[in-house]
Amino acid sequence: MKRATDPLPGATASGPASPADQELLAGVLSGQPRALAKAITLVESTRVDHRRRAQGLLQALLSHAGAAIRIGISGAPGVGKSTFIEAAGLHAIEAGHRVAVLAVDPSSALTGGSILGDKTRMEQLARNPRAFIRPSPSGGALGGVAAATRECLLVCEAAGFDVIVVETVGVGQSETAVAAMTDIFVLLQLPNAGDDLQAMKKGIVELTDLIVINKADLDARAAQRAREHFESALPLVANRTAGWIPPVLVASALKREGIVEFWNEIGRFREAMRASGAFERRRREQAVGWMWEIIQNALRDSFGSNPDVRRELPALEHAVRDGTMAATVAAQRLLALAGLS
Ligand code: GDP
């Protein structure tokens, strides 16, 4: 998938051009499921003409987006993410919310396969008319998958979903991508210490605003020990959100225990961040970060696909590896060939 880096000749800054796209926009804004599905297919498409239309649509949707709470959720396969998201999602729907669940599946980017396994998950939530579940866009680099998900998130918000969950699975890079598009990042853990250490090692805990020890019903004492372990370690390593020490909750998604406490903590986080101005600040920084990511991807792509660069690259790389050419000389030559210096 090459979407984030496509050239967009003629993309407008003002919104959709054709009457059909204006109708699509109106359909999304009034929350019509078919319009939502169509808009998302459009923003996930890699075709250049689709990208252009998607940009017009997104620009028009932007002023209607932003009202949701954006929650990132990660954890190893089997920890209970889909069970937890279903329980939390149904609870939010009962309280009057509309819930969209999106996914960033790094395995779909790497292999075309799926760790998050999209078929039979969250059946109850999937059937609920106030929920929308979208599997991970597939193919291409993680950057492209994440960019598509980010655009889906905006479309869902404009369509009136006020709770957005973005799910991913424990391989560092995808967590970083999801943390960069969400307000609060939640890590699910099992009640055993081996698992805790893994997350610590991978640096994921540093991104985390809230930890949930799931499956506490299997071993309540182990869950309590894991909680204490994280509570003592977190203040030292978690640094995503200044002025916020990530709380650690114990839950059983299967028995729907700990779900109320989860939403209480999400609410407490949002209030604290709003009061300090950090909430809006984070979103603005994320938007700027996203812009730079798109630029960097586009530069890398245009460099890599330049025919002169492709012709010269093997020999120059070889010369640098052999020590017969200085890295700076080779880099300058290649950048000049790509018209970048
Ligand atoms: P995911 O891979 O992280 O999405 O995990 P799933 O939600 O698919 O759950 C994996 C397995 O763990 C399933 O068999 C669930 O029924 C089970 N599971 C999920 N949450 C709990 C829990 O709180 N307690 C127990 N005992 N099992 C759970």
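Whatever order the structure lists ligands and atoms in, that order sets their numbers, starting from 1. Because only heavy atoms are used, hydrogens play no part in the values below, and waters and symmetry mates are left out as well, while side chains stay in.
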Pairing residues for Arg53 by the salt bridge (charged side-chain N to carboxylate O under 4.0 Å, His left out) criterion, not counting sequence neighbours: Asp21
Residue list, salt bridge (charged side-chain N to carboxylate O under 4.0 Å, His left out) with Asp322, at least two apart or on another chain: none
Residue of the set Asp209, Val166, Thr176, Thr241 for which side chain to side chain contact (heavy atoms under 4.5 Å, CB included) holds with Phe185: Asp209
Test item, Gly78 contacting ligand 1 (heavy atom, 4.0 angstrom): yes
Selected option - heavy-atom contact closest to atom 27 (N) of ligand 1, from Leu188, Leu254, Val212: Leu254
Min N/O separation Ala253 to ligand 1 under 3.5 Å: yes
Ligand 1 atoms in contact with Asn214 (distance to a heavy atom under 4.0 Å): 20 (N), 21 (C), 23 (O)
Ligand-residue contact atoms, ligand 1 with Ser82, heavy atoms, under 4.0 Å: 4 (O), 6 (P), 7 (O), 8 (O)
Donor + acceptor pair across side chains of Ser136, Asp105 (<3.5 Å): no
Flag for Ser74-Glu175: side-chain donor and acceptor within less than 3.5 Å: yes
Sub-4.0 Å atoms of ligand 1 with respect to non-hydrogen atoms of Lys81: 1 (P), 2 (O), 3 (O), 4 (O), 5 (O), 7 (O)
Heteroatom proximity flag, Gly80 to ligand 1, N/O under 3.5 Å: yes
Proximal atoms of ligand 1 relative to Thr83 (non-hydrogen, under 4.0 Å): 6 (P), 7 (O), 9 (O), 15 (C), 19 (C), 20 (N)
Trace of the salt bridge (Lys or Arg N to Asp or Glu O under 4.0 Å) decision for Arg51 with Glu151: CA-CA 11 Å; Arg51 292 301 307 143; Glu151 292 180 357; 3.2 Å; yes
Ionic contact status for Glu157 with Arg70, cut-off 4.0 Å: yes
Ala76 heavy atom under 4.0 Å from ligand 1: yes
